[in-house]
Amino acid sequence: QSEHEPEGLRSCDMGIVDDLLANPGLYIGTDTVVGTDLVGAARIVVAPLPGRAGVSLDYEVLNGLAPGPVLGHVEHTMIGTADDGGAVMVIAHTHGEGISILRETESGVFEPGDGPVPYPMKVVVSVPEPGRLRHAWWYGSPGETLTERDVAELERVPR
């Protein structure tokens, strides 16, 4: 942190793709369903893609005390820089029937483009500091306002 930078800013203006490339590894933490008592164990593996064009995120949530399956959520996501220079997110997960393609609309915020989506959604990913990761799903029913609903807060652990 330089004496000329405002508090909280980094010395270089890295985007989420650069932040994730600089912080690969195994992250462990919790996944909380906002507005409920439901908290699961979350695990995300961040790995660089070929050519360092981005990263893959392999994300699992285990809900041992919740009703339903212990493996509550599985997701494979790729976040990378597209040929046009913008960041994109491609997600396949157990709560969807197709692959969702989202574009970064502001730093770490990924939203659908003009194509059809099964429900209103966005995903917000951040690296608040090296070794920490926050991943939040925002969604709602068709016609509803987006609400932050599933929040994973994790720390990198040695392998």
Side-chain angles (χ1 to χ4, degrees), residues 1 7-10 14-49 54-80 87-113 115-159:
Q1 182 90 32
E7 185 67 30
L9 292 182
R10 295 187 202 103
M14 292 175 54
I16 191 60
V17 174
D18 292 327
D19 284 346
L20 292 166
L21 280 167
N23 291 281
L26 170 62
Y27 289 77
I28 302 291
T30 59
D31 182 277
T32 304
V33 179
V34 176
T36 73
D37 293 333
L38 189 57
V39 177
R43 174 185 186 271
I44 296 179
V45 176
V46 177
L49 293 173
V55 296
S56 64
L57 278 66
D58 288 303
Y59 178 17
E60 297 175 336
V61 177
L62 300 171
N63 297 318
L65 301 176
V70 170
L71 185 57
H73 181 76
V74 176
E75 174 180 317
H76 181 75
T77 298
M78 291 189 301
I79 301 173
V88 295
M89 176 183 276
V90 179
I91 307 170
H93 59 93
T94 53
H95 294 98
E97 294 180 12
I99 292 174
S100 298
I101 301 172
L102 311 176
R103 293 198 67 85
E104 189 175 42
T105 56
E106 58 186 272
S107 183
V109 178
F110 294 86
E111 300 182 74
V117 291
Y119 49 85
M121 72 171 88
K122 73 177 176 183
V123 177
V124 180
V125 178
S126 63
V127 178
E129 62 186 59
R132 292 192 55 229
L133 180 63
R134 187 175 194 278
H135 184 288
W137 269 93
W138 291 61
Y139 55 90
S141 296
E144 281 186 354
T145 304
L146 288 174
T147 303
E148 185 178 64
R149 297 189 188 252
D150 296 302
V151 179
E153 298 192 57
L154 311 104
E155 292 185 13
R156 189 173 50 212
V157 296
R159 283 190 156 199

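Residue numbers run from 1 in the order of the sequence given. If you're wondering where the values come from, they're calculated on a predicted model, not measured in any experiment. Below, each value reflects all heavy atoms present in this structure, side chains not excepted, and no hydrogens, waters or symmetry copies.
From L38, atom CG reaches atom OG1 of T32 across 8.5 Å, with rounding to the nearest 0.5 Å. To the nearest 0.5 Å, atom CD1 of residue I44 and atom OG1 of residue T77 are 8.0 Å apart. Interatomic distance, OG of S126 versus CZ of R134, reported as 6.5 Å (0.5 Å rounding). Rounding to the nearest 0.5 Å places CD of E153 at 6.5 Å from CZ of R132. For the atom pair I16 CD1 and F110 CZ, the distance stands at 7.0 Å (nearest 0.5 Å). Atoms NE2 and CG, on H76 and D58 in that order, are 5.5 Å from each other to the nearest 0.5 Å.
Crowding of E155 atom CD: a count of heavy atoms from other residues, nucleotides or ligands under 6.0 Å not exceeding 12.
Counting heavy atoms from C-beta outward, Y119 and V117 have side chains that stay 4.5 Å or more apart. Contact check for V88 versus E104: no side-chain heavy atoms found under the 4.5 Å cut-off. Residues V123 and L102 are in side-chain contact: their nearest non-hydrogen atoms beyond the backbone lie under 4.5 Å apart. Inter-residue side-chain proximity for N63 and V70 is flagged as unmet; no heavy-atom pair is nearer than 4.5 Å. Side-chain contact between I28 and L26 is present, with heavy atoms from C-beta onward closer than 4.5 Å. Between L21 and V55 the shortest side-chain heavy-atom distance falls below 4.5 Å. A 4.5 Å side-chain heavy-atom check between V46 and L133 finds at least one atom pair inside the cut-off.
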(request) Using the side-chain contact (heavy atoms from CB on, under 4.5 Å) rule, take L71 and L62 through it: C-alpha gap first, then chi angles, then the decisive distance, then the call. (result) CA-CA 5 Å; L71 185 57; L62 300 171; 3.5 Å; yes

(message) Apply side-chain contact (heavy atoms from CB on, under 4.5 Å) to residues M89 and I101 and explain how you reach the verdict.
(response) CA-CA 6 Å; M89 176 183 276; I101 301 172; over 6 Å; no

(message) Checking H135 against V125 for the side-chain contact (heavy atoms from CB on, under 4.5 Å) test, could you report, in this order, the C-alpha distance in whole Å, the side-chain angles of both residues, the deciding distance, and whether it holds?
(response) CA-CA 5 Å; H135 184 288; V125 178; 3.8 Å; yes

(request) Determine, step by step, whether L57 and I79 satisfy the side-chain contact (heavy atoms from CB on, under 4.5 Å) criterion, reporting the C-alpha distance in whole Å, the side-chain angles of both residues, the deciding distance to 0.1 Å, and the verdict. (result) CA-CA 8 Å; L57 278 66; I79 301 173; 4.1 Å; yes

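Shown here for L154 and R43, the closest heavy-atom pair between the two residues is CD2-N, 4.1 Å. Closest approach of I99 to V90, counting heavy atoms only: CG2-CG1, 3.4 Å. The two atoms that bring M121 and S100 nearest to each other are CE-OG, 3.7 Å, heavy atoms only. For H73 against T94, the heavy-atom pair with the smallest separation is CA-OG1, 3.7 Å. Listed here is the closest heavy atom pair of A152 and A42: CB-CB, 4.3 Å. In plain terms, the two heavy atoms of E75 and W137 that are nearest each other are OE1-NE1, 2.9 Å.
Checked for salt-bridge contact, E129 and R156 miss the test: no charged N lies under 4.0 Å from a carboxylate O.
Formation of a donor-acceptor pair under 3.5 Å by the R149 side chain with backbone atoms of Y139 is found in this model.
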